[in-house]
**Student:** 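Have a look at this one before I ask anything.
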Amino acid sequence: MPQLLEKIDKNSLPRHIAIIMDGNGRWAKEQGEDRLFGHYHGVESVRNIVEGCAELGVEYLTLYAFSTENWDRPEYEVAGLMELLVSTIRKEVETLNKNKIRLHVIGDMSMLPDFAKKELNEALEITKVNTGLNLVMALSYSGRWELANAAKEIAKEVKEGKLRVEDINQETLQQFLCTAHYPDPELMIRTSGEFRISNFLLYQLAYAELYFTNVRWPDFRKANLYEAIIDFQGRERRFGKTGEQIAETNKAL
Ligand code: IPE
Ligand code: IPE
Ligand code: MG
């Protein structure tokens, strides 16, 4: 692992890494256990990856923990996940503070049970002075929900005369997203061998580098994160330009 860490160029780290933490259920089934067992073990990976990002100096880490579609899972699983969320936050707030990590939440909070909302709000309040890693939890989140919500908010501003239709542009839309204050992720990782976005950050991932691994989330550790970052750093990000143009710009720097 130290060898992997040495291969990372600290000067071109992604500022923002987003992760779809997938594969808990299958990981548990493979060991003849209940799906919730996988979610419990997934928490250990969260701890490890948050620590890894903080150590590296990554500024933003967004973790997809629960989608709006996940509400349709069996009741016992949803209830188990909510309890796990609350107990984890309660246990971890102190460590977050110690490591100067600031917690953020994106998603439709109105869907969360009251006890979860209360615990989350307390943690947001307690960690809001921290200036280290920004840990963004996507909870009851989906990109389509977020975009519909932004459209509604923009329409309200127009109706109230605060915004003119002619002035609406990409910048305006960006300001009404849950992620208005964060840079777009440069690297998006999905674990467990699925090659899809599953309604995650649809707008923000426009130019993100996507990295897929077969490793199930409960097995994902710092070494896997380092591999993803090394892979990211080997890519040429062109943003619609030609490779020659990019080479020219790099030469000028
Ligand atoms: C990801 O693991 C965690 C959540 C979606 C809450 P899954 O629960 O989706 O696990 P698989 O994909 O069924 O293995
Ligand atoms: C995406 O995983 C959501 C989270 C990891 C929280 P899912 O397991 O819900 O996605 P699909 O259903 O396989 O696309
Ligand atoms: Mg899944």
Side-chain angles (χ1 to χ4, degrees), residues 16-25 28 34-47 49-50 60-97 101-130 133-153 156 175-182 185 188 190-191 197-205 217-218:
H16 186 171
I17 299 177
I19 306 183
I20 301 180
M21 309 185 289
D22 196 21
N24 296 351
D34 183 79
R35 295 179 56 83
L36 282 177
F37 182 76
H39 297 314
Y40 286 113
H41 281 269
V43 174
E44 197 43 50
S45 305
V46 172
R47 265 194 218 107
I49 296 311
V50 168
Y60 296 85
L61 172 66
T62 297
L63 298 177
Y64 201 8
F66 195 85
S67 72
T68 53
E69 285 80 15
N70 290 149
W71 289 114
D72 294 331
R73 290 196 177 186
E75 220 176 283
Y76 97 96
E77 184 172 346
V78 172
L81 278 165
M82 289 302 134
E83 272 168 37
L84 180 62
L85 168 75
V86 168
S87 63
T88 305
I89 290 173
R90 195 168 293 158
K91 268 192 240 147
E92 297 300 320
V93 163
E94 217 173 293
T95 315
L96 293 180
N97 261 346
I101 298 168
R102 180 174 180 182
L103 185 70
H104 305 260
V105 183
I106 56 171
D108 185 0
M109 288 304 107
S110 70
M111 297 278 286
L112 292 174
D114 285 342
F115 72 99
K117 261 187 266 185
K118 187 169 164 281
E119 198 68 37
L120 271 170
N121 283 330
E122 278 174 20
L124 295 177
E125 194 56 35
I126 294 171
T127 63
K128 79 173 181 202
V129 291
N130 295 338
L133 173 72
N134 289 285
L135 172 61
V136 184
M137 296 301 293
L139 274 176
S140 187
Y141 172 88
S142 78
R144 288 182 176 182
W145 165 81
E146 179 183 44
L147 289 166
N149 195 56
K152 215 187 289 174
E153 295 296 322
K156 235 191 266 170
Q175 283 163 12
F176 283 89
L177 299 177
C178 307
T179 53
H181 303 295
Y182 323 138
M188 195 288 287
R190 182 172 188 149
T191 59
I197 302 285
S198 301
N199 223 341
F200 188 41
L201 301 174
L202 295 180
Y203 183 91
Q204 298 86 340
L205 292 178
W217 178 251

**Student:** Under the side-chain contact (heavy atoms from CB on, under 4.5 Å) criterion, do S140 and D108 qualify, and how do the steps go?
**Tutor:** CA-CA 5 Å; S140 187; D108 185 0; 3.9 Å; yes
**Student:** Could you walk me through whether E77 and H39 pass the side-chain contact (heavy atoms from CB on, under 4.5 Å) check?
**Tutor:** CA-CA 9 Å; E77 184 172 346; H39 297 314; 2.8 Å; yes
**Student:** Using a 3.5 Å distance criterion without hydrogens, assess whether the side chain of N134 forms a donor-acceptor pair with backbone atoms of R102.
**Tutor:** no
**Student:** To the nearest 0.5 Å, what is the distance between OG on S142 and OH on Y64?
**Tutor:** 6.0 Å
**Student:** Main chain of L36, side chain of Y76: is a donor-acceptor contact present, judged purely on distance under 3.5 Å?
**Tutor:** no
**Student:** Does atom CZ (R144) have a neighbourhood of more than 12 heavy atoms from anything else shown, all under 6.0 Å?
**Tutor:** no
**Student:** Could you give the distance from CG (L120) to CG (L85), rounded to the nearest 0.5 Å?
**Tutor:** 5.5 Å
**Student:** Hey, does R190 have a side-chain heavy atom less than 4.5 Å from the side chain of F200?
**Tutor:** no
**Student:** Give the ring-plane orientation class for Y182 versus H104, where under 30° counts as parallel, over 60° as perpendicular and anything between as tilted.
**Tutor:** perpendicular
**Student:** Just verifying a value: how many Å separate M109 CE and N121 CG, rounded to the nearest 0.5 Å?
**Tutor:** 9.0 Å
**Student:** With side chains defined as the heavy atoms from C-beta onward, is the minimum distance between I17 and T62 less than 4.5 Å?
**Tutor:** no
**Student:** Does R35 reach the side chain of N24, with side-chain heavy atoms less than 4.5 Å apart?
**Tutor:** no
**Student:** Taking the side chain as every heavy atom from C-beta outward, state whether V43 and R47 have any pair of such atoms under 4.5 Å apart.
**Tutor:** yes
**Student:** Any non-hydrogen side-chain atom of L61 less than 4.5 Å from a side-chain atom of I19?
**Tutor:** yes
**Student:** Rounded to the nearest 0.5 Å, what separation is found between the NE2 atom of H181 and the OG1 atom of T179?
**Tutor:** 9.5 Å
**Student:** Any sub-3.5 Å donor-acceptor pair from S45's side-chain atoms to P218's backbone N or O?
**Tutor:** yes
**Student:** State, with a plain yes or no, whether a side-chain heavy atom of I106 is found less than 4.5 Å away from one of M137.
**Tutor:** no
**Student:** Any donor and acceptor pair, going by atom type alone, linking the side chain of W217 with main-chain N or O of G42 inside 3.5 Å?
**Tutor:** yes
**Student:** To the nearest 0.5 angstrom, please state how far the CD1 atom of I197 sits from the CD1 atom of I20.
**Tutor:** 5.5 Å
**Student:** Quick one: do E92 and V46 satisfy side-chain contact (heavy atoms from CB on, under 4.5 Å)? Show the steps, please.
**Tutor:** CA-CA 11 Å; E92 297 300 320; V46 172; over 6 Å; no
**Student:** Can a side-chain donor-acceptor contact be found between E153 and Q175 if the only test is distance below 3.5 angstrom?
**Tutor:** no
**Student:** Check whether any side-chain N or O of N70 sits under 3.5 Å from a backbone N or O of F66 as a donor-acceptor pair, and report yes or no.
**Tutor:** no
**Student:** Quick one: does T127's side chain have a donor or acceptor within less than 3.5 Å of a partner on L103's backbone?
**Tutor:** yes
**Student:** So, do C178 and W145 sit near enough that their side-chain heavy atoms are less than 4.5 Å apart?
**Tutor:** yes
**Student:** Less than 4.5 Å apart, side chain to side chain, heavy atoms only: is that true for L112 and M82?
**Tutor:** yes
**Student:** Are the side chain of E119 and the backbone N or O of S87 linked by a donor-acceptor pair below 3.5 Å?
**Tutor:** no
**Student:** Minimum heavy-atom separation for A123 and V93, please, with both atom names.
**Tutor:** CB-CG2, 3.7 Å
**Student:** Going through the distances and angles, do M111 and Y141 end up as a side-chain contact (heavy atoms from CB on, under 4.5 Å)?
**Tutor:** CA-CA 10 Å; M111 297 278 286; Y141 172 88; over 6 Å; no
**Student:** Answer yes or no: is there a donor N or O on one side and an acceptor on the other, between the side chain of T191 and the main chain of D22, under 3.5 Å?
**Tutor:** yes
**Student:** At what distance, to the nearest 0.5 angstrom, does CG of N199 lie from CD of E146?
**Tutor:** 9.5 Å
**Student:** So, the side chain of N130 versus the backbone of I101: is there a donor-acceptor pair under 3.5 Å, distance only?
**Tutor:** yes
